[in-house]
Amino acid sequence: MSPRRWWRHLLLAALLAGLLSGALLEPPRGWLPLCLLSLSALLAVRIGELRRHLTLPGYGWIAAAGLTLVLLGSGLAAERRGSIASSAASGMEGEAVTARGVITAPVRSSGGDLRIPLRTADGMLVLVVPADVGGSAGSGGELGPGAVLKAGGELARPDPWREDELTRLGASWELRADGVRVLPLGRSGLAGLLDRARGRAERAVSAGLDPEQAALARGFVLGQDDRIDEATREDFQRSGLAHLLSYSQ
């Protein structure tokens, strides 16, 4: 089959290739204006072809559009990488910090601790608190995405094998605290709507189930494993099915 028959797939593959390469390589300066100019020119050429009743783009058009999309994907990925890196909170190891922020992702349980991605006014960090805090975090609500927390502790570097985890979250530091308080606040706007939708999904998933079954359902469906007991977690790890709980050590 001629490549001209599946040119849309080629262009999508070019964009994906650019996104993947952007995780490792820096795009050239001026990549965005160049992409916009190139895409505008290609669009004008394509409109001209359609007016001449040419239903399929030519090989040259496909090649030029593909190269442009590779550059565009590379630039977008590099910008995203830079944005994540710049979002990390700064500080010094051992510094005493009182943080107030919003949970941005599901809480994870690991080794008797809860690991909470927290976006504060100073940037991203991972709050690490004892697992039993989840049941006594205060009357403001539960530990989940969208909840607003306040906690005090000390900044610490993550263990080497956790550095990639923090990098993906856009954080550089862990804040190790003995307790946390959930504030009776929440996010507004689109983020708040999504938080409320997630809350309804949690209640629907666990409706009519006992606490142990509800914890497993939340882990399977929503990737929230903070309420799964250690014995059950260990059974899943030994069976090689820990990924079903979206559980990562």
Side-chain angles (χ1 to χ4, degrees), residues 1-88 102-106 108 117 119 123-124 126 145-146 161-172 187 189-198 201 220-224 240-249:
M1 181 182 294
S2 170
R4 294 177 64 192
R5 296 287 181 181
W6 34 278
W7 61 273
R8 296 178 183 85
H9 300 84
L10 290 175
L11 296 185
L12 178 59
L15 179 60
L16 291 176
L19 291 171
L20 292 174
S21 67
L24 302 172
L25 304 174
E26 288 293 333
R29 284 188 176 184
W31 64 269
L32 184 56
L34 179 60
C35 286
L36 294 177
L37 181 61
S38 177
L39 289 174
S40 298
L42 288 168
L43 181 60
V45 171
R46 183 63 183 141
I47 291 174
E49 289 179 342
L50 292 175
R51 286 178 176 175
R52 294 196 301 271
H53 305 290
L54 299 176
T55 58
L56 291 175
Y59 291 109
W61 189 95
I62 295 174
L67 291 173
T68 302
L69 289 176
V70 168
L71 179 59
L72 178 63
S74 176
L76 292 175
E79 287 293 318
R80 176 59 178 165
R81 188 175 72 245
S83 175
I84 291 175
S86 64
S87 69
V102 178
I103 301 177
T104 60
R108 301 299 186 200
R119 182 180 298 280
M124 281 292 301
V126 174
W161 53 280
R162 287 199 181 276
E163 290 179 354
D164 287 345
E165 172 194 337
L166 265 71
T167 298
R168 288 193 299 271
L169 293 170
S172 298
R187 293 188 287 189
L190 178 59
L193 289 174
L194 294 176
D195 292 336
R196 290 189 285 276
R198 186 185 299 107
F220 283 133
V221 179
L222 302 174
Q224 299 179 6
L241 298 175
H243 60 282
L244 294 178
L245 304 177
S246 296
Y247 174 63
S248 60
Q249 284 283 4

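Worth saying up front: this structure is predicted, and the values here are computed from it rather than measured.
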What distance separates [X] [atom1] from [Y] [atom2], expressed to the nearest 0.5 Å?
X: Ser38; Y: Leu67; atom1: OG; atom2: CG; answer: 8.5 Å
X: Leu34; Y: Leu39; atom1: CG; atom2: CG; answer: 9.0 Å
X: Glu165; Y: Thr167; atom1: CD; atom2: OG1; answer: 9.5 Å
X: Leu69; Y: Leu16; atom1: CG; atom2: CG; answer: 10.0 Å
X: Leu32; Y: Leu72; atom1: CG; atom2: CG; answer: 7.5 Å
X: Thr68; Y: Leu15; atom1: OG1; atom2: CG; answer: 11.5 Å

Shortest non-hydrogen contact from [X] to [Y]?
X: Leu10; Y: Ile62; answer: CD1-CG2, 4.0 Å
X: Trp61; Y: Leu11; answer: CZ3-CD1, 4.0 Å
X: Ala77; Y: Leu19; answer: CB-O, 3.3 Å
X: Gly18; Y: Ser21; answer: O-OG, 2.9 Å

*Polar side-chain atom of Ser74 near backbone of Val70 as donor-acceptor pair, under 3.5 Å*: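 Not confirmed, Ser74 side chain does not pair with Val70 backbone.
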
*asked:* Donor-acceptor check, side chain of Trp31 to backbone of Leu71, threshold 3.5 angstrom: yes or no?
replied: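 Not at all, since once roles are kept as given, no pair shorter than 3.5 Å links the two residues.
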
_Is any side-chain heavy atom of Thr104 closer than 4.5 Å to one of Met124?_
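SC-SC contact between Met124 and Thr104 confirmed.
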
